[in-house]
Structures are given as structure tokens and as C-alpha cells.
Novice: 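The structure's right below; bear with me while I get my questions together.
Note that the coordinates shown come from a computational prediction; the quantities given were computed from them, not determined experimentally.
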Amino acid sequence: MPDRSALSKTDQPMGLRERKKLATRNKLIEVADRLFNRYEFEDVKVEDIAAEADVSIKTFFNYFPGKGKLLEAVLIDWLAEVNLWSSEEAPPTDMASAIRPSNIKQIQDWVIRHRRILKMIQDHTNLFDSIYYSDASVDDENNLFPPDYRRPRIERVREAQRRGLIRDDISARLVSDLYDFMRIDLVRRWLRTPDDIATPQSYRQSYDEAMEVLFMGLAPRD
């Protein structure tokens, strides 16, 4: 898991108490990543997670209302680290660079390695459904793609539209949503496919084919 013990999301130095809280949260997520990759969801108990993280059960519940939310956090925290463009990212030069992150292979590799955990998330939580209401503020609910996550892609699409790289009769927000909806649907269908058929190659091929169709539909009109 990424080390974020030193700085907050706003890159401001954190006090000792905040660093300890973040370290505890990260430890719980690391333990969840390990245990859920080894055992079935029903066989992983809160007591097991707390014991391996060396915290009390009460402390566990101070951070997460249950093991389902902890499982969701494995994916959400990872997405927050690897799937956002930085402010230093070069402007889009074509449709693909506006919509698809440059580290797409790294993202796909993580999805493939975490197939087991992603299947658990799909089977035991509603996290994947949240892509359809990510702009709504729902207390105690995790959002897979919250507004701060979506904003950089929307801005890049707008810039690409200004440059004539993407048709501008569709809103940048809808273009971004179409990409997110399509790729999450691809992952969900891949997770539902039997293990002997759901190979890394089949996942990557489905993604490439879907992107080809999407990009054809978004090409500027003459």
C-alpha cells in the first residue's frame, strides 16, 4: 500500500496524533488486503483483522463500521493514489491521452492481481453501484468515483474539446462518465466470468475493444 503517513491530502504536515491515526488506518487496510486475498469473506472475522493489525476490536470500529467497509477501502485508497492525473501532467495531445490515464497498464495489473478481492467487493458490497450516484453526498457511504476523482478527467476532456480532439456536442462530464461506466462494466463482467476463462489477456482485450468503440463514437464530426 502507498505510504501516506507523512502528509495529508493537502500536503500539509500532520501532527503526531493524525499520523498515528493514519498509520492505524493504513495498517488495517494492509491486513485486509492480505487476509481477504487468502480467505473467504465469511471466514475473515473482525477479531482476526484487529488481532493481526495489533489493535483492539473497539479501535477497529472507530475506523470502520464493519469488514465490508474495510474491504471497500482497499480499492478506494488505491484508486486515490494511482488513478488521478497530477497538476504536472502534460496536456492532452489526442483523445486517448484526454480520457485514458497514462498508467493504465499499472491499473490493469492491479485489477488482475486483486481479482479475488474485487469479486468479494462485488458480492458483498454495493461499492460498484456507487458510480451512478457518486456526486450525491450519502452519509456513511463510500463512493468509488467521488467528484474530486472525476474532476481531472473532465477538465482534460474539456481541454481536448477546445483543441478539436473530441467532439464538443457531448458534455465533458458525459464523456468522462461514459468511460467510467464502460470500464467498470468490463471489470464486473470479467469478475463474473469463470476463473478458467477470465484470463488477464481476456480482460485487456475486452478493454481495448471497448475503448476502440468509445473513441470512434467520440471522434470529432466533420
Novice: Using 4.0 Å as the upper bound for N to carboxylate O, is an ion pair formed by Arg34 and Glu30?
Specialist: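 Salt bridge: no.
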Novice: Please identify each residue that fulfils salt bridge (charged side-chain N to carboxylate O under 4.0 Å, His left out) with Asp208, with sequence neighbours left out.
Specialist: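 So Asp208 forms no salt bridge (charged side-chain N to carboxylate O under 4.0 Å, His left out) with any residue.
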Novice: Quick one: does Asp33's side chain get under 4.5 Å of His114's, heavy atoms only?
Specialist: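 A side-chain contact under 4.5 Å exists here.
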Novice: Are the side chains of Arg189 and Ser206 in touch, meaning some heavy atoms are under 4.5 Å apart?
Specialist: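 Sidechains of Ser206 and Arg189: no contact.
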Novice: Are there more than 12 heavy atoms of other residues, nucleotides or ligands under 6.0 Å from atom CZ of Arg17?
Specialist: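 Incorrect, the count does not exceed 12.
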Novice: Does any non-hydrogen side-chain atom of Tyr149 lie less than 4.5 Å from one of Ile76?
Specialist: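 They are not in side-chain contact.
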Novice: Measure from the side-chain N and O atoms of Arg156 to the backbone N and O of Pro101, and report whether any donor-acceptor pair falls under 3.5 Å.
Specialist: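 Not confirmed, Arg156 side chain does not pair with Pro101 backbone.
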Novice: Quick one: pull up CG in Leu144 and CG in Leu75 and give me the separation to the nearest 0.5 Å.
Specialist: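 So the gap between those two atoms works out to 5.5 Å.
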Novice: Over 60° means perpendicular and under 30° means parallel, so tell me whether Tyr132 and Phe181 are parallel, tilted or perpendicular.
Specialist: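 Plane angle between 30° and 60°, so tilted.
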Novice: If you round to the nearest 0.5 Å, how far is CD1 of Ile49 from CG of Leu28?
Specialist: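 Output value for this atom pair is 8.0 Å.
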Novice: Could you walk me through whether Arg192 and Asp123 pass salt bridge (Lys or Arg N to Asp or Glu O under 4.0 Å), step by step?
Specialist: CA-CA 10 Å; Arg192 291 296 186 203; Asp123 291 340; 2.7 Å; yes
Novice: Should Ile121 and Leu79 be counted in the same cluster of Ile, Leu, Val, Met, Phe, Trp and Tyr side chains packed under 4.5 Å apart?
Specialist: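 In one cluster with Ile121: Leu79, yes.
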Novice: Could you check whether any side-chain heavy atom of Tyr203 comes within less than 4.5 Å of a side-chain heavy atom of Val187, counting everything from C-beta outward?
Specialist: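 They are in side-chain contact.
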Novice: Quick one: pull up CZ in Phe128 and CG in Leu191 and give me the separation to the nearest 0.5 Å.
Specialist: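 Answer for the CZ-CG pair, Phe128 versus Leu191, is 5.5 Å.
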Novice: Please determine if Lys69 and Glu72 form a salt bridge, counting it only when a charged side-chain N lies under 4.0 Å from a carboxylate O.
Specialist: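 Between Glu72 and Lys69 there is a salt bridge, with a charged N closer than 4.0 Å to a carboxylate O.
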Novice: Please name the pair of heavy atoms, one in Val74 and one in Ala32, separated by the smallest distance, quoted to 0.1 Å.
Specialist: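 Closest pair (atom of Val74, atom of Ala32, distance): CG2-CB, 4.0 Å.
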Novice: Kindly compute the distance separating CG (Leu218) from CG (Leu165), expressed to the nearest 0.5 Å.
Specialist: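 CG of Leu165 is found 12.0 Å from CG of Leu218.
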Novice: Checking the side chain of Arg163 only, and the main-chain atoms of Pro92 only, is there a donor and an acceptor separated by less than 3.5 Å?
Specialist: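 Present.
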Novice: Any donor-acceptor pair under 3.5 Å linking the side chain of Lys45 with the backbone of Glu42?
Specialist: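 Yes: the side chain of Lys45 pairs with the backbone of Glu42.
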Novice: Do Thr59 and Asn62 have side-chain N/O donor and acceptor atoms under 3.5 Å apart?
Specialist: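 Side-chain D/A pair, Thr59 to Asn62: absent.
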Novice: What are the two closest non-hydrogen atoms of Gln161 and Ala172, and how far apart are they?
Specialist: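 Shortest heavy-atom separation between Gln161 and Ala172 comes out as OE1-CB, 3.8 Å.
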Novice: Can you tell me how far apart OG (Ser176) and CD (Glu155) are? Round to the nearest 0.5 Å.
Specialist: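 CD of Glu155 is found 10.5 Å from OG of Ser176.
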Novice: Could you go through the side chain to side chain contact (heavy atoms under 4.5 Å, CB included) check for Trp190 and Leu118 one step at a time?
Specialist: CA-CA 10 Å; Trp190 183 70; Leu118 292 173; 5.5 Å; no
Novice: Not counting sequence neighbours, which residues clear side-chain hydrogen bond (donor to acceptor under 3.5 Å, both in side chains) with Asp180? List them please.
Specialist: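 Partners of Asp180 under the side-chain hydrogen bond (donor to acceptor under 3.5 Å, both in side chains) test: Arg153, Arg183.
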Novice: Is a salt bridge present between Glu40 and Arg116, judged by a nitrogen-to-oxygen distance below 4.0 Å?
Specialist: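 Here Glu40 pairs with Arg116 in a salt bridge, since their nearest N and O are under 4.0 Å apart.
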Novice: Contact between Tyr179 and Val157 at the side-chain level, heavy atoms closer than 4.5 Å - yes or no?
Specialist: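 No, too far: nothing below the 4.5 Å cut-off.
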Novice: Kindly check if the number of other-residue, nucleotide or ligand heavy atoms within 6.0 Å of CD (Glu212) is above 12?
Specialist: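 For Glu212, atom CD is not crowded (no more than 12 foreign heavy atoms under 6.0 Å).
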Novice: I want to check something: taking the side chain as every heavy atom from C-beta on, are His124 and Lys67 in contact at a cut-off of under 4.5 Å?
Specialist: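 Heavy-atom side-chain distance check fails, nothing below 4.5 Å.
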Novice: I'd like to know whether Lys21 forms a salt bridge (Lys or Arg N to Asp or Glu O under 4.0 Å) with Glu18, so could you lay out the CA-CA distance, the side-chain angles of the two residues, the decisive distance to 0.1 Å, and finally the verdict.
Specialist: CA-CA 5 Å; Lys21 289 177 65 176; Glu18 287 74 18; over 6 Å; no
Novice: Do Arg150 and Asp177 make a side-chain contact, defined as non-hydrogen atoms from C-beta onward lying under 4.5 Å apart?
Specialist: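 With C-beta onward as the side chain, the pair touches.
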Novice: Taking the side chain from Gln108 and the backbone from Pro200, do they hold a donor-acceptor pair closer than 3.5 Å?
Specialist: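 Judged by distance alone, no pair lies under 3.5 Å.
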Novice: Of the non-hydrogen atoms in Ala73 and Phe64, which two are nearest, and what is the gap between them?
Specialist: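 Heavy atoms only, the tightest pair is CB-CE2, 3.7 Å.
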Novice: Out of curiosity, Met211 CE to Ile104 CD1, how far, rounded to the nearest 0.5 Å?
Specialist: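 Here the rounded value is 8.0 Å.
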Novice: Between Asp185 and Arg188, does any side-chain N to carboxylate O distance fall below 4.0 Å?
Specialist: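 No.
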Novice: Would you say Asp77 and Arg25 make side-chain contact, with heavy atoms under 4.5 Å?
Specialist: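 A side-chain contact under 4.5 Å exists here.
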Novice: Of all heavy-atom pairs between Thr125 and Gly68, which one has the smallest distance, and what is that distance?
Specialist: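 Heavy atoms of Thr125 and Gly68 come nearest at CG2-O, 3.9 Å.
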Novice: With sequence neighbours excluded, what pairs up with Arg204 under the salt bridge (charged side-chain N to carboxylate O under 4.0 Å, His left out) test?
Specialist: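 Salt bridge (charged side-chain N to carboxylate O under 4.0 Å, His left out) list for Arg204, sorted by chain: Asp109.
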Novice: When you look at Ile29 and Tyr63, which way does the side chain to side chain contact (heavy atoms under 4.5 Å, CB included) test go after all the steps?
Specialist: CA-CA 10 Å; Ile29 292 174; Tyr63 288 84; over 6 Å; no
Novice: Look at the side-chain heavy atoms of Ile, Leu, Val, Met, Phe, Trp and Tyr, link any pair under 4.5 Å apart, and say whether Ile154 and Phe145 land in one connected group.
Specialist: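 No, it is not one cluster - the side chains of Ile154 and Phe145 are not joined through contacts under 4.5 Å.
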Novice: Testing the basics here: between Phe60 and Val46, what is the closest heavy-atom pair and its distance to 0.1 Å?
Specialist: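 For Phe60 and Val46, the tightest heavy-atom pair comes out as CD2-CG1, 3.5 Å.
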Novice: After noting the C-alpha distance and the side-chain angles of Val44 and Met120, does the key distance pass the side chain to side chain contact (heavy atoms under 4.5 Å, CB included) rule?
Specialist: CA-CA 12 Å; Val44 177; Met120 288 185 185; over 6 Å; no
Novice: Between Lys27 and Val55, is a side chain to side chain contact (heavy atoms under 4.5 Å, CB included) present by the stated rule, with each step listed?
Specialist: CA-CA 10 Å; Lys27 180 64 175 177; Val55 301; over 6 Å; no
Novice: Which atom pair, heavy atoms only, marks the closest approach of Ser102 to Glu89?
Specialist: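 Closest heavy-atom pair between Ser102 and Glu89: OG-OE2, 3.4 Å.
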Novice: Is it the case that atom CG in Asp54 sees more than 12 heavy atoms from other parts of the structure closer than 6.0 Å?
Specialist: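 Not more than 12 within 6.0 Å, no.
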